[in-house]
Amino acid sequence: MTDPRILTVRPEPDQYAWTFGGAAPVARIAPGTVLDLFTEDCFAGRVRSEKDLVSEVCEFPYLNPQTGPFHLEGAEPGDTVAVHFVSIEPARDWAASTTVPLFGALTSTHTTATLQPPLEERVWIWQLDRTRRTALFQARDSDIQVELPMDPMHGTVGVAPASLEVRSALVPDAHGGNMDTPEMRAGVTCYLGVNVEGALLSLGDGHARQGEGETCGVAVECAMNTVVIVDLLKDVATPWPRLESDTHIISTGSARPLEDAFRISQLDLVQWLARDYGFSEPDAYQFATQAVESPLANVCDTNYTCVAKLRKGWLPARETYRGVHARLRETARTLRG
């Protein structure tokens, strides 16, 4: 096997994409390319202290900068891009989280309007110990400190949408985007359906960790040094973003209301079982009902995202996505030495 090509990208501040679709590619890559990327945090690095309120240092809609897009040679509608996360490592020793007025699951929002004042805007700076793999919570109103384990992930991974659409990098949908699922961690392969020639893959929104649901709307946001392998599966359709780990297959669904996001993820999982694992749809429906895990990804974005995951050890011994996850996992091992 020949060594994969490695492309290193460290964007300048004016080189980020703020949308999926509508942005010119920063590079053309061949299937099998390794991307060694720097991604900025969702605040574009502007929230650095407890005094840096988002409303004062950030300008809407310039939030959630993406590294990319990358034009994948040979990618056409009806194909699937496979993105294998080799490593996701915080690029700084600190990360930021906030509350934002009219944003989050436990406050009034623009669409859930109530007769009460907006939630107070606050910033928490988390100290990251990259050697010990911990993130330190420091309470603002007491002397409470709690160390939590780091679990680095990417909140936003996606391709250009279909039908000439341009979507904000804050939005999750069938093209991927701001799904905010903690499942998007190192060792996982993400499958994205191609909608336009070249796919136009971008990623960003690194989180040192995030609870399921991202309740206040903001995770432990940090810049990342991330390595991914990008491959192409011709003539394989992926209707909604899917993930594969060593232990699970994972479907996602993004919509409002929340129950529709749940339905999309569950239906996608049932159809995945029927396509690749030999189930009829009724059998897949029954089996998934009794075996599925259904963690929330986010309940705060413009669309909510739900996840449906199944243990691979409980499934028939069949190959999915032409075995690309295992192959890219082995390539990742060689890259790590």
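In this structure, CG in L35 is found 9.0 Å from CZ in R5, a value given to the nearest 0.5 Å. If you take CG on L232 and CG on L201, they are separated by 11.5 Å, rounding to the nearest 0.5 Å. To the nearest 0.5 Å, atom CD1 of residue I88 and atom CE of residue M153 are 8.5 Å apart. Atom CG in L233 sits 11.0 Å away from atom CG in L192 (nearest 0.5 Å). Taken from OH in Y16 to OG in S202, the straight-line distance is 12.0 Å, to the nearest 0.5 Å. Atom CH2 of W272 sits about 6.5 Å away from atom OH of Y277, to the nearest 0.5 Å.
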One pair to check against side-chain contact (heavy atoms from CB on, under 4.5 Å): V220 and L148. What are the steps and the verdict? CA-CA 11 Å; V220 183; L148 298 177; over 6 Å; no
Start with the C-alpha gap between R92 and E40, add the side-chain angles, then the distance that decides, and say whether salt bridge (Lys or Arg N to Asp or Glu O under 4.0 Å) holds. CA-CA 10 Å; R92 298 175 181 135; E40 189 50 276; 2.9 Å; yes
Let's go through T189 and Y321 carefully: what are the C-alpha distance in whole Å and the side-chain angles of both, what is the deciding distance for side-chain contact (heavy atoms from CB on, under 4.5 Å) to 0.1 Å, and is it a yes or a no? CA-CA 11 Å; T189 302; Y321 283 96; over 6 Å; no
Check the pair E89 / R133 against salt bridge (Lys or Arg N to Asp or Glu O under 4.0 Å), numbers first and verdict last. CA-CA 10 Å; E89 295 295 330; R133 313 295 294 172; 2.7 Å; yes
Run N64 and C42 through side-chain contact (heavy atoms from CB on, under 4.5 Å) and show every step you take. CA-CA 4 Å; N64 210 16; C42 70; 3.9 Å; yes
Just do the side-chain contact (heavy atoms from CB on, under 4.5 Å) check on T226 and F85 with the steps written out, would you? CA-CA 8 Å; T226 293; F85 288 87; 4.2 Å; yes
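In this structure, N303 contributes its side chain and D173 its backbone to no donor-acceptor pair below 3.5 Å. Panel note: side chain T107, backbone F103; no donor-acceptor pair is recorded below 3.5 Å. Panel note: side chain Q15, backbone E12; a donor-acceptor pair is recorded below 3.5 Å. In this structure a side-chain-to-backbone donor-acceptor pair under 3.5 Å is present from R10 to D36. At distances below 3.5 Å, not a single donor-acceptor pair connects side-chain atoms of Q127 with backbone N or O atoms of I125. In this structure a side-chain-to-backbone donor-acceptor pair under 3.5 Å is missing from D41 to A223. Side chain of N195 to main chain of A160: a donor-acceptor pair is present (N/O by atom type, distance under 3.5 Å, no hydrogens or angles). Between the R256 side chain and the D301 main chain, a donor and an acceptor come within less than 3.5 Å of each other. Put simply, the side chain of K309 never gets that close to the backbone of L243: no donor and acceptor are under 3.5 Å apart. Looking at Q66, its side chain never comes within 3.5 Å of a backbone N or O of A17 through a donor-acceptor pair.
Between F70 and L37, some side-chain heavy-atom pair lies under the 4.5 Å cut-off. Between M150 and R209 there is no side-chain heavy-atom pair separated by less than 4.5 Å. Side-chain contact between H71 and L200: present, with at least one pair of heavy atoms (C-beta onward) separated by less than 4.5 Å. V81 places a side-chain heavy atom less than 4.5 Å from the side chain of V230. Between D231 and P31 the shortest side-chain heavy-atom distance falls below 4.5 Å. S254 is not listed as a side-chain neighbour of Y304, based on a closest heavy-atom distance of 4.5 Å or more. M224 has its side chain within reach of C222: a pair of non-hydrogen atoms, C-beta onward, lies under 4.5 Å apart. Inter-residue side-chain proximity for F43 and R48 is flagged as unmet; no heavy-atom pair is nearer than 4.5 Å.
A donor atom on one side chain and an acceptor atom on the other are not found under 3.5 Å apart for H248 and E183. A donor-acceptor pair shorter than 3.5 Å can be found between the side chains of T156 and N178. Judged by distance alone, the side chains of T80 and R242 never bring a donor and an acceptor atom under 3.5 Å apart. Using modelled atom types, one finds no donor on one side chain facing an acceptor on the other under 3.5 Å when comparing H207 with D151. A donor atom on one side chain and an acceptor atom on the other are not found under 3.5 Å apart for S251 and S265. Residues S55 and E121 bring a donor and an acceptor atom of their side chains to less than 3.5 Å of each other. When only modelled atom types and interatomic distance are considered, D129 and T134 share no side-chain donor-acceptor pair under 3.5 Å.
Of all non-hydrogen atoms in A23 and P69, the two that sit nearest each other are O-CG, 3.6 Å. In terms of heavy-atom proximity, P90 sits nearest to P152 at CD-CG, 4.1 Å. For the residue pair A297 and M179, the shortest heavy atom distance occurs at CB-O, 3.4 Å. Smallest separation of non-hydrogen atoms from S49 and V123: O-CG1, 3.5 Å. Residues S97 and A219 approach most closely at OG-O, 3.0 Å, considering heavy atoms. Taking every heavy atom of both residues into account, D246 and R329 meet most closely at OD2-NH2, 2.8 Å.
Because its NZ or CZ atom is not both nearer than 6.0 Å to the ring centre of F287 and within 45° of the ring axis, R311 does not count as a cation-pi partner of that residue.
Ring pair F137/W126 is tilted by interplanar angle, where 30° to 60° counts as tilted.
A salt bridge links E244 with K312; the closest basic N to acidic carboxylate O contact falls under 4.0 Å. With respect to R327 and E330, no salt bridge is recorded, no charged nitrogen being found less than 4.0 Å from a carboxylate O. A salt bridge is absent between R46 and D52: the closest approach of a Lys/Arg side-chain nitrogen to an acidic carboxylate oxygen does not fall below 4.0 angstrom. For D141 and R122, the salt-bridge test passes: some basic side-chain N is under 4.0 Å from an acidic carboxylate O. The residues E281 and R275 are annotated as not salt-bridged, no charged nitrogen and carboxylate oxygen being separated by less than 4.0 angstrom.
The 12-atom threshold is not exceeded at CZ of F262, counting heavy atoms of other residues, nucleotides or ligands nearer than 6.0 Å. Residue-environment remark: CD (E197) stays at or below the threshold of 12 foreign heavy atoms within 6.0 Å.
With N298 as reference, T305 is the one residue of D180, T215, T305, T181 to meet the side chain to side chain donor-acceptor pair (under 3.5 Å) rule.
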